[in-house]
Protein chains: 2
Amino acid sequence: MFSIFVTVMAKIQGKRNSTKKEVIIEKASRLFREKGFGAASMRDLAEHVGVEAASLYNHIQSKSEILQTICFKVANEFMTNLEAVEASNQSTLKKMEAIIRRHIRMMLEQYEYVYISDHEWRHLPEPYLSNFLNQRRSYRKRLADIIEDGTTKGEIKAIDPYTAVLVILSAISGIDSWQRSRKSTTAEALESNMVKYLIEGLKK
Amino acid sequence: MFSIFVTVMAKIQGKRNSTKKEVIIEKASRLFREKGFGAASMRDLAEHVGVEAASLYNHIQSKSEILQTICFKVANEFMTNLEAVEASNQSTLKKMEAIIRRHIRMMLEQYEYVYISDHEWRHLPEPYLSNFLNQRRSYRKRLADIIEDGTTKGEIKAIDPYTAVLVILSAISGIDSWQRSRKSTTAEALESNMVKYLIEGLKK
DNA sequence: AGAAAACACTAACGACTGTTAGCCATAACT
DNA sequence: AGTTATGGCTAACAGTCGTTAGTGTTTTCT
């Protein structure tokens, strides 16, 4: 009964098949990225949504609820993908490549969300902050386990797995500082260039 | 005459051979990193310095002056190092290794400053913002030129130079998200692990 | 048609922001 | 010893912050 109620709500408000809450979060994600969570004000956000600041609270509960929604949406999406890769029967190198490609695509297709999840999680209130950091730590641990498994099996070079995870994740999250200056580069080219470097390195 | 005046000033105020302005900037750097520039208040900062908020303005001109000082200090230091490497007569691979090692050491030794320069430059007011971005663009361009030079000479693998710069710089700046969780790792180990990956890649 | 729910509005609260004015003590220089 | 500059302090300004209360209007359901 409750879920039916919610569904009806969504239909009522929809423009382009999206709830007003979704519109708010979408606009907020751009704003949070541009100005940072702390510097983006609810009045700013309201203006972009086309409404007065107070009216936002008919759809959301607080400013930080928006941040929570974004951060955990991204975290869950990555976690789900990781589980699929873990369950698959590919070689270690293929697994890593799949994960890298997934990250790059998420970065390109859901840029605002991923950026915020990467850079603004500090402003999450407890207990969400601890929750988020636990998820992140777990994610990285499992990634490192895949790499370590690969080195013990001799499938990939013997390298410190934590360092490898650090390099890979950081490199991808750094795409943000790039995409403005090199719009000409297509997504596919960027993806294959990055995969090439991250797999094969610089040395000839 | 003016410079003598300034020198005397520095001696007067010094605790541990540092001006009070330097103390303020040092404390501010930790605060800006922990809370972000926007969320860190002058009253917060004043408390850490052991003084009332208004008293800070006897030593600095504004909050953003602190940010400017930090950002350009870091930028200049990297730029100076780059010029030295460019002028040297090493192989491309050695040049890149030197730059990578320098970045890692700066990250470990001047963590707060480098972090802020990496993450909080958005809050620089004009015209400093444009200035900073120009310097950064120039730095990356020259780094890419070194790599490109190496590929045409056949000294390193044929890889998109811009992608390589992106991967290298991002990987290093990602050390921040690591150092808390892996304090056990020594600086030397981290450095050699990262260099190994960034030079040799993952593939066996 | 009438009841109810959804949602936008204005006004305002209390807390907090960076910063300035002005005052007073101490320390340095002549 | 007397003048001056340094650098603390309190108080305050003008503005912004997230958020709530209360009201009115529109839309949906019965």
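Keep in mind that this is a model prediction, so the values were computed, not measured. Each chain gets a letter, A, B and so on, in the order the sequences are listed, and its residues count up from 1.
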Checking contacts here: which listed nucleotide ([options]) is nearest the side-chain heavy atoms of [X]?
X	options	result
B/Arg43	C/dA11, D/dA12, C/dT20	D/dA12
B/Val51	C/dC9, D/dC9, C/dT17	D/dC9
A/Glu52	C/dC9, D/dT20, D/dC9	C/dC9
B/Lys20	D/dG8, D/dT20, C/dA8	D/dG8

- Item | Set of residues satisfying side chain to side chain contact (heavy atoms under 4.5 Å, CB included) with respect to A/Ala39, sequence neighbours excluded |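 Partners of A/Ala39 by the side chain to side chain contact (heavy atoms under 4.5 Å, CB included) criterion, ordered by chain and then number, come out as A/Lys35, B/His123.
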Rounding to a whole Å, what distance do you find between [X]:[atom1] and [N]:[atom2]?
X	N	atom1	atom2	value
B/Met42	D/dT10	CE	C1'	17 Å
A/Glu65	D/dT19	CD	C1'	14 Å
A/Ile24	D/dG18	CD1	P	14 Å
B/Leu45	C/dT17	CG	C1'	14 Å
A/Ile60	D/dT20	CD1	C1'	13 Å
A/Ile66	D/dC17	CD1	C1'	14 Å
A/Phe32	D/dG18	CZ	C1'	12 Å
A/Asp44	D/dG18	CG	P	9 Å

- Task: Begin from the C-alpha positions of B/Gln135 and B/Asn76 and carry the test side chain to side chain contact (heavy atoms under 4.5 Å, CB included) through to its verdict.
- Result: CA-CA 9 Å; B/Gln135 270 197 253; B/Asn76 289 337; 3.7 Å; yes
- Short N-O contact, A/Glu65 and A/Lys21, less than 4.0 angstrom: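 Yes.
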- Query: Cationic tip of B/Lys63 within the cone over B/Phe37's six-membered ring, i.e. under 6.0 Å and within 45° of the normal?
  - Reply: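 Verdict for B/Phe37: a cation-pi partner in B/Lys63.
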- Looking across every strand, which nucleic acid part, if any, lies under 4.0 Å from B/Ala39 by heavy atom: base, sugar-phosphate, or nothing?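 Since no nucleic acid heavy atom lies under 4.0 Å of B/Ala39, the category is nothing.
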Under 4.0 Å between a side-chain N/O of [X] and OP1 or OP2 of [N], yes or no?
X	N	answer
B/His59	D/dT6	no
A/Lys63	D/dC17	no
B/Ser41	C/dC16	no
A/Ser55	C/dC9	yes

- Task: Map A/Leu56 and B/Gly38 onto DNA chain C by nearest heavy atom, then report which one ends up closer to the 5' terminus.
- Result: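 With A/Leu56 and B/Gly38 compared, the 5'-side residue is A/Leu56.
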- Item | With sequence neighbours excluded, residues passing salt bridge (charged side-chain N to carboxylate O under 4.0 Å, His left out) with A/Glu148 |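 For A/Glu148 there are no salt bridge (charged side-chain N to carboxylate O under 4.0 Å, His left out) partners, ignoring immediate neighbours.
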- Donor-acceptor pair under 3.5 Å, A/Asn58 side chain vs C/dA8 base: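 Counting by modelled atom types and ignoring angles, a donor-acceptor contact under 3.5 Å is found here.
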